[in-house]
Structures are given as C-alpha cells and as structure tokens.
Amino acid sequence: MKIIFFLTFFMISSTFFSQESYEYYGGVKLNGKDETIISYRLVFTEQDGNIVGYSVTDLGGAHETKNAVKGTYDSKSKVFTFKEEDILYTKSPISDDMFCFINFTGKVKLVNSNSALQGDFKGLFKNNDKCIDGTITLIGAKKVYKALNKINRKIQRSRKVDEKTKEEVNPIAILDSLKVNTLIKDQNLNVFAKSDKVLLEIWDAGKEDGDEIMLYLNNKPFLKNYKVTNKKKVITVDLSRENVFKIVAVNEGEIRPNTAMIQLIDGNRTFELMSNLKEGESASITILKSDL
C-alpha cells in the first residue's frame, strides 16, 4: 500500500507541479525604424500556465538590458503572452520610467527543440503609456545550437582555416559568451535594487592567475589591491540612493586580460557579470535604490 501511495503521489505531483524551461534567441524590429534588428534572448519557465523569466536585449552590446518577464500560456489554445515588467540591469544611460517594455500576445507551440515565436508586440512605458511597437522573431535555443553545430563542424574540418582562427570564430563559444554580462573599459552598468542592502560577491571563475583590482564606492576606496581568487569575497553593502562602484584593473595577472566575476544579490534577485579589463582600465556599476 505504501508503494502504491508514493507512486500515486509522484504521478499527481508530476502532473500538477511539473515545470518546463524554455530559451529563445532572435531579434526585435521597431516600427518606423530602419531594417536594423536588435538581438533578443528570452528565458523562462512555464508551470500551470504561468510564465516567469527574463529577457536580454542587445546581447553583448552597448545598450544591453535585462528585464524581468511574466506571462501566461494556454496549452489548449496555444495563446502565449508575456510582458517585460522590471529592469534588472541596463548599460543604457536611461531611467527605468523612460524604458519601453515589450508586451507580446500570439499563438505559440511551446516545444523548445524546434519551436518558433513570431508576431507583433506593443511597446509600453512603466505607466502603460504607449511607446514604440514592433515585431519579434525568435527560435528555440536547441534549434539554434543545432544549426551552429553544423556550421562549427564545417569550420573545424576546413584546411584553409588555421587553428587559432578556428578557436576565435567558434559560433557556439561566441553565443555562450553573450550569456555572460561583460563589462569592458569605460562601460557602466545600471542596476535597480529593491533592498536597503545587497551582498557583493567577487571571485575568479577560471584559473587563478594573480589578477588584482581596486574597488571604489562613490569615489572612496572600498577594496585596495585585492587579489581575485576562486574563493568568493562576500561583502554586505548598505545602500544609499545612488551607489557607484568603480572597478580598476591593477594588473593583468599571468593570463590577460584582468577578469573578475562579480555577483550582486538583492533579496531573491541576483545580478552576475564579469569585468574584462586591461591594466589601468576601469568600468563601473551604479546601483540605484528603487522607491518600490
């Protein structure tokens, strides 16, 4: 009887609490603009018809922006809706109340291996005023990686391409690198925090090679000549209205350039990025405390 009970419970739990994960890549085109396509990544989970996840616009670009996403999915009618609700971070020098959020409704068959998501979207400001509408075209990540694998195999088999070039133009490695929010020379990342304090974690995600950084908070030294290691340095930071962290590369260690993984934990939200700097170069993270 116990075995039957647990089997029954497992089957019921699988039915009612199963969670599916999805990832899409593609682009968005704004109405009234030229033919330029803005890169777009959509990652979410679907459980009991509810959609929760995030989007990233302009992957690896000067205006890269990550937004929290929520929506619904009706498995019978195949109607899929999602809307960007909140900026998690942005490299654009704009405030969150001036950002145009994507609101999409369309018919989609959620099959991550070969699904496509395409249609018109409405652009709305945070107060629901209209901004710029457009179209969105996305493809399931598995299908994207399958196509990139074919391209990569041709590149790797080619005798006309040297080994160094093969490594540099590997399309899979390039796409994977875009998943990491990288800060380079003179870039600033705006993060909108909701808590009074955040946890700041700093570590070397690769081989320890002696990279040292200086970290300033509002132009005052915060960490002096800190050697980045595989062990996370965890610091609690009390937030004021505006908090500017400046990262300066003291050296480039044994392996160029100077890299450090940095993670901000704001309640149940995390923001992870990697600094990528030459000796003497700097980048910054501005944490803006939200009124909400």
Kindly give the heavy-atom pair with the smallest separation between Lys185 and Glu281, and that separation in Å.
CD-OE2, 3.4 Å
I need the minimum non-hydrogen distance between Lys231 and Tyr226, along with the two atoms involved.
O-OH, 4.3 Å
Once the angle between the rings of Tyr22 and Tyr24 is folded into 0 to 90°, is it parallel (under 30°), tilted (30 to 60°) or perpendicular (over 60°)?
parallel
Within this structure, what is the NZ-CG distance for the pair Lys227 and Asn225, rounded to the nearest 0.5 Å?
10.5 Å
Answer yes or no: is there a donor N or O on one side and an acceptor on the other, between the side chain of Ser75 and the main chain of Tyr73, under 3.5 Å?
no
Is the closest side-chain donor-acceptor distance between Thr81 and Thr72 under 3.5 Å?
yes
Would you say the side-chain atoms of Asn50 and Asp48 include a donor-acceptor pair closer than 3.5 Å?
no
Check whether any side-chain N or O of Asp211 sits under 3.5 Å from a backbone N or O of Thr259 as a donor-acceptor pair, and report yes or no.
yes
Hey, do the aromatic rings of Phe44 and Phe80 have their centres closer than 6.0 Å?
yes
Crowded around Lys146 NZ? As in, over 12 foreign heavy atoms under 6.0 Å?
no
What one should report as the nearest heavy-atom pair of Thr45 and Ser21 is CG2-OG, 3.6 Å
same_hphob_cluster(Met214, Phe245) at 4.5 Å side-chain heavy-atom cutoff:
no
Could you give the distance from CG (Asn170) to CD (Gln156), rounded to the nearest 0.5 Å?
6.0 Å
Verify side chain to side chain contact (heavy atoms under 4.5 Å, CB included) between Arg269 and Asp86, making sure each step is shown before the conclusion.
CA-CA 12 Å; Arg269 306 192 306 167; Asp86 195 15; 3.3 Å; yes
Can you check whether Gly210's main-chain N or O pairs, donor with acceptor, with Asn251's side chain at less than 3.5 Å?
yes
Might you work through the side chain to side chain contact (heavy atoms under 4.5 Å, CB included) test for Ile247 and Ile262, ending with a clear yes or no?
CA-CA 10 Å; Ile247 309 155; Ile262 300 172; 3.4 Å; yes
Has the side chain of Asp238 got a donor or acceptor atom that lies under 3.5 Å from a matching backbone atom of Asp196?
no
Can you check whether Lys194's main-chain N or O pairs, donor with acceptor, with Asp266's side chain at less than 3.5 Å?
yes
Output yes when a side-chain donor or acceptor of Tyr89 lies under 3.5 Å from a complementary backbone atom of Ile285, and no otherwise.
no
Note, Ile202 side chain near Leu215 side chain (heavy atom, < 4.5 Å):
yes
Measuring only between side-chain heavy atoms, which start at C-beta, is Val198 closer than 4.5 Å to Leu200?
no
Stepwise, does the side chain to side chain contact (heavy atoms under 4.5 Å, CB included) test hold for Lys278 with Glu252?
CA-CA 6 Å; Lys278 295 179 181 180; Glu252 294 185 63; 3.9 Å; yes
Should Arg41 and Glu23 be marked as a salt bridge (charged side-chain N to carboxylate O under 4.0 Å, His left out) after you check the CA-CA gap, both sets of side-chain angles, and the distance that decides it?
CA-CA 7 Å; Arg41 180 181 177 219; Glu23 183 175 12; 2.9 Å; yes
Assess the side chains of Asn188 and Ser284: does a donor N or O sit below 3.5 Å from an acceptor N or O?
yes
Enter the distance from Cys100:SG to Asp133:CG here, rounded to the nearest 0.5 Å.
7.5 Å
Asp58/Lys91 under salt bridge (charged side-chain N to carboxylate O under 4.0 Å, His left out): CA gap, chis, key distance, verdict:
CA-CA 10 Å; Asp58 191 25; Lys91 292 179 181 177; over 6 Å; no
Take a 6.0 Å sphere around NZ of Lys122 and say whether it holds more than 12 heavy atoms from other residues, nucleotides or ligands.
no
Applying a strict under-4.5 Å side-chain criterion to I, L, V, M, F, W and Y, I'd like to know whether Ile38 and Phe82 cluster together.
yes
Exercise: identify the closest heavy-atom pair between Leu183 and Ala283
CB-CB, 4.2 Å
Stepwise side chain to side chain contact (heavy atoms under 4.5 Å, CB included) test for Phe101 and Lys126
CA-CA 7 Å; Phe101 294 99; Lys126 205 166 188 176; 4.1 Å; yes
ILVMFWY cluster, Tyr216 and Leu288 together (side-chain gap under 4.5 Å):
no
CG-CD1 distance between Leu42 and Ile139, expressed to the nearest 0.5 angstrom:
13.5 Å
CZ (Phe121) and CD1 (Ile132) are apart, to the nearest 0.5 Å, by 8.5 Å
Does any part of the side chain of Thr286, heavy atoms only, come nearer than 4.5 Å to the side chain of Glu242, both counted from C-beta?
yes
Contact summary for Ala141 and Tyr25, nearest pair of heavy atoms
CB-CE1, 3.9 Å
Cluster question for you: counting only ILVMFWY and a side-chain heavy-atom cut-off of under 4.5 Å, with indirect links fine, are Val237 and Ile265 together?
no
Mark yes or no for whether Asp209, through its side chain, and Ile255, through its backbone, hold a donor-acceptor pair below 3.5 Å.
yes
NZ of Lys197: more than 12 outside heavy atoms within 6.0 angstrom?
no
Is a side-chain N or O of Asn230 found less than 3.5 angstrom from the main chain of Asp204, in a donor-acceptor match?
yes
Can you tell me how far the OG1 atom of Thr236 sits from the CG atom of Leu199, to the nearest 0.5 Å?
4.5 Å
For Leu277 and Pro257, which heavy atoms make the closest approach, and how far apart are they?
O-CB, 3.3 Å
CG/Asp162: more than 12 non-hydrogen atoms of other groups inside 6.0 Å:
yes
Is it true that Val56 and Met274 fall in one hydrophobic cluster, defined by side-chain heavy atoms closer than 4.5 Å?
no
Look at the side chain of Asn190 and the backbone N and O of Pro93, then say whether any donor-acceptor pair between them is shorter than 3.5 Å.
no
Between Glu84 (side chain) and Ile102 (backbone), is there a donor-acceptor pair under 3.5 Å?
yes
